[in-house]
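Below: the structure, in structure tokens.
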Amino acid sequence: MRAVALGVFLCLAAIAAHAETPPAPQAKSIAKDVWLIPGGFLPDRQPDGNTVIFDGPKGLIVMDTGRHLWQRQAILDFAKAHHKPIAAIVNSHWHLDHVSGNPDLKRAYPGAKVFASNAIDDALTGFLARSAKGAEDYLKSGDVPADTAEDIRNDIATWKNGAALKPDVVVSKSATRTIAGKSLQVNLAPNAATDGDVWVYDPASKVVATGDLVTLPAPFLDTACPKGWSDALGKVEATPFVTAIPGHGAPMTRADIATYHKAFDAFIACAASDRDAKECAEGWAKDAGALLGSDEATQKKAKGMAMYYAKDVLRAHGGKSAECKA
Ligand SMILES: [Zn+2]
């Protein structure tokens, strides 16, 4: 199997189908002053992470800016429709499905400051540089669907302009911060889905935005330290949240997050055992079944991704991703 980096450059788990024009993502109200612009995962395309917008007294706080033009356009359209400037951007982590819109949003709103961990510094010269090389080779093979090729070329351009993705304010610890006049708990999860994940709890709405600490149809383990990731899920659960917005997928309840955490731990334990990888993948789909729904294609995708992560990521690197330094 060709090396894949889900949500970063290549995702073979995306099931090939005919190209189609994506529908513009629509903002949904989640709670008072909290909105979700859903990310997508279209056939032949790389994913977009969810965008969460907190409406602060002095402007909008945008958590994650997607990969594709249509995701960032939806964010700009939202700001315009609500007659509010984008005052700040929070990046949950450096994967390109979460940060690629940063430069365009900053161009439109030069006062917007980016809050993120500094994990992107190593990623730009390490993981993303290697992924770009692999992606260029893949493009040269000629055997790439047109939409996938377009995504890869855009990702390479985003990486080359990587300095523009970096934070203005480095999140180096968990703390309550006032951003755009709004009080938010901005938390750092070291050694989780990446070396430095940021997740946000809003005490006013009791909404928690987890970034890729929670992703469906499977945990995206490409750059993960499973132990730190599980610890971070415990910290999310320790907040009195009512609604959780994952990095990918629909809003979740407390029971959903508990189910996810349990399924995550069971999957990691299975991958660390000598059980068949197929058994681990089926276990994931079963344990997370209530979150995946009954759609057969989603179930299949969940199993395919879990199989890849068990075999080619976790087992290939002693129970963690090759990127995990912990
Ligand atoms: Zn993602």
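Start at 1 and go down the list; that is how both ligands and their atoms are numbered.
Of all the N, O or S atoms in D97, the one closest to the Zn ion (ligand 1) is OD2. Sorting the N, O or S atoms of D212 by how far they are from the Zn ion (ligand 1) puts OD2 first.
In this structure, R177 fails the cation-pi test against F115, since its NZ or CZ atom is not both closer than 6.0 Å to the six-membered ring centre and inside 45 degrees of the ring normal. For K133 and Y138, the positive end is not near the middle of the six-membered ring at less than 6.0 Å and at most 45° from its axis.
With a cut-off of 2.8 Å, the Zn ion (ligand 1) has an N, O or S atom of H248 in range. Under 2.8 Å from the Zn ion (ligand 1) lies no N/O/S atom of H93, from backbone or side chain alike.
Close placement of the H248 and H98 rings is indicated, their centers lying within 6.0 Å of each other.
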Candidate pair N102 and T65, rule side chain to side chain donor-acceptor pair (under 3.5 Å), full reasoning
CA-CA 6 Å; N102 286 11; T65 61; 2.9 Å; yes
